[in-house]
Number of protein chains: 2
Amino acid sequence: MQQHATHHATSYTEHPPERLHLVHKLRSITDLTAEERQALMDLPMTVRSYARGQDIVREGDIPSECCLILDGFASRYKLLPDGRRQIMAFHTPGDMPDLQSLHIRVMDHSVAAMMPTKAAFIPHKSIRELTGRFPGLLHAFWRDTLIDAAIFREWMIGIGRRDAHERIAHLICEMLLRFRGVDLAPEDTFKIPATQNDMADALGLSNVHVNRVLMDLRRDGLITWTNHTVSILKWEELQVRGLFDATYLHQVH
Amino acid sequence: MQQHATHHATSYTEHPPERLHLVHKLRSITDLTAEERQALMDLPMTVRSYARGQDIVREGDIPSECCLILDGFASRYKLLPDGRRQIMAFHTPGDMPDLQSLHIRVMDHSVAAMMPTKAAFIPHKSIRELTGRFPGLLHAFWRDTLIDAAIFREWMIGIGRRDAHERIAHLICEMLLRFRGVDLAPEDTFKIPATQNDMADALGLSNVHVNRVLMDLRRDGLITWTNHTVSILKWEELQVRGLFDATYLHQVH
DNA sequence: CCCGCGGCCTAACCTATGTTGGCAGGGTCT
DNA sequence: AGACCCTGCCAACATAGGTTAGGCCGCGGG
């Protein structure tokens, strides 16, 4: 709600409203001056649309632009030669899933749309020019990639050391907070773009087992999950099951 | 060998030789000018020593300095409330395991010595001052944290989607390359500071199972592993077993 | 010198999770 | 409408890997 107020406070009528997600996201992790915000809004970008399942960036690519999720939902994933898939991150509007390509030439994983998704592409050149003028933005971007890494670490401990129930509860907790962060979870309910199969690939489980555990969580009245929408009924208890502690999201600020 | 030549080419007699590891490491991922190298060597640092098992930085800390491994070997890890442990990274001399603390206030994991280890502490202030003067170094540090994240991702797919044999073979492959990178693996043999228990916690397995798999690898003549030293006997075959592809280390340059 | 501890190794047993296969409902394309 | 296909759901069975327990060895400390 507060964030919503923010949206209305600063209006940039000459740009499509989706650009605000980027400003909004970066403000959620650091402070920005008015000039910095304006400079972000002025970044040149070309927009493309993707259907569910389509790749936005592909492993092996050598990007010369970064992509910014404007609308929809994306995942980062990697495939083993025999087709096993590991999803390594989910991304909401305002995220730049391949920001790292600024400093790492070749993509070591892919980015795909998990639902109809609009992505904007910003030339590396423009970003470099921007961060050259605004050191504050440079640090914001760096910080963003560092938080990314923190989430990877948290997922690692999940996949490596939590059992299936803990993992799934934990992921649902994380999603709720991140959707809340972009005002997409009113009343602890949100549209989840991931199928049970996607969840499985994110958590290192099989789709069948994800289904089993989900049934348990529903039976115990912690959540409902129908038709791609999830409601958290017992937030406290869900956190306990997932051993959830939000500090790793570094959203405080 | 080439790197060894490099060592001798540039000598900074007024500093302890361990400082060269940092220069060496950063040069393995990016180009540095002579001034930048000198500036690195001139960083103020205070040195402390740690025994195996001691924490160098602890989860929850709010560091005002970054640590640099001068000598020895360190791991980054995280504990669950009931004591389950996940190791998320190994670090060799020249690495700065908590570089992220520059932009992320509170540590979300710990760093520990895995053998007697010497670490240097560099005030954030000095690093900020340095990166202010040398944008090249700023990008080198940023790039370093991005490679870190790339390794996290690779470990994620390992823990999530590879079976125990693949995981263990893969980790040994990675270690060989990283030790080679710092001239610590002559003839494909290196001192491994990790116990089988450490390996288990890094790979999301139990120590017993690590032992089982290690026996297999030895029986098949791929490696020897005695007394904390590992030799790779069949490098090709080990890579095949681990589905190993080194691009994620981004060491090429 | 002995003691205790930590690291390895082994065996017997157990269970969480994977696999396969099959069914039902809802979209979507023709 | 019919034919698909994807997603969720469910049951029966299979197995990789966990757990527990114990023995052995080498080392550092008293």
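The basis for the numbers below is simple: all heavy atoms, side chains too, and nothing from hydrogens, waters or symmetry mates. In this text the structure is predicted, and so the values were computed from the model without any measurement. So that the names make sense, note that chain A is the first sequence line, chain B the second, and so on, each numbered from 1.
To the nearest angstrom, C1' of C:dG6 lies 12 Å from CD of B:Gln196. Going from atom CG of B:Leu214 over to atom P of C:dG7 covers 15 Å, rounded to whole Å. Between A:Asp198 atom CG and D:dG8 atom P there is a gap of 8 Å when expressed in whole angstrom units. The CG-P distance, from B:Asp216 to D:dA16, rounds to 12 Å in whole Å. Counting to the nearest Å, the C1' atom of D:dT7 and the CD1 atom of A:Ile192 are 14 Å from each other. Per the geometry, CD1 belonging to B:Ile168 stands 14 Å off P belonging to D:dA16, to the nearest Å. Straight-line distance from the CE atom of A:Met199 to the P atom of D:dG8: 10 Å, rounded to whole Å. The nearest whole Å value for the distance from the CE atom in A:Met215 to the P atom in D:dT7 is 18 Å.
In terms of phosphate contacts, A:Asn211 brings a side-chain nitrogen or oxygen within less than 4.0 Å of OP1 or OP2 of D:dC9. The shortest distance between the side-chain N/O atoms of A:Arg218 and the OP1/OP2 oxygens of D:dG8 is not below 4.0 Å.
Using bins of under 30°, 30° to 60° and over 60° for the plane-to-plane angle, the ring pair B:His170/B:Tyr248 lands in the parallel bin.
Rounding to the nearest 0.5 Å gives a distance of 11.0 Å between CG of A:Leu70 and CG of A:Leu20.
Between B:Phe179 and B:Phe73, the distance from one ring center to the other falls under 6.0 angstrom.
Of the N and O atoms on the side chains of B:Gln100 and A:Arg153, at least one donor lies less than 3.5 Å from an acceptor on the other residue. A:Asp148 and A:Thr145 form no side-chain donor-acceptor contact under 3.5 Å, judged by distance and modelled atom types alone.
Cation-pi geometry between B:Arg76 and B:Trp155 is not met at under 6.0 angstrom from the ring centre and within 45 degrees of the axis.
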Once base and sugar-phosphate atoms are separated, protein heavy atoms under 4.0 Å mark nucleotides 13-30 of chain C, 5' to 3', with B, S and - as ----BBBB----------
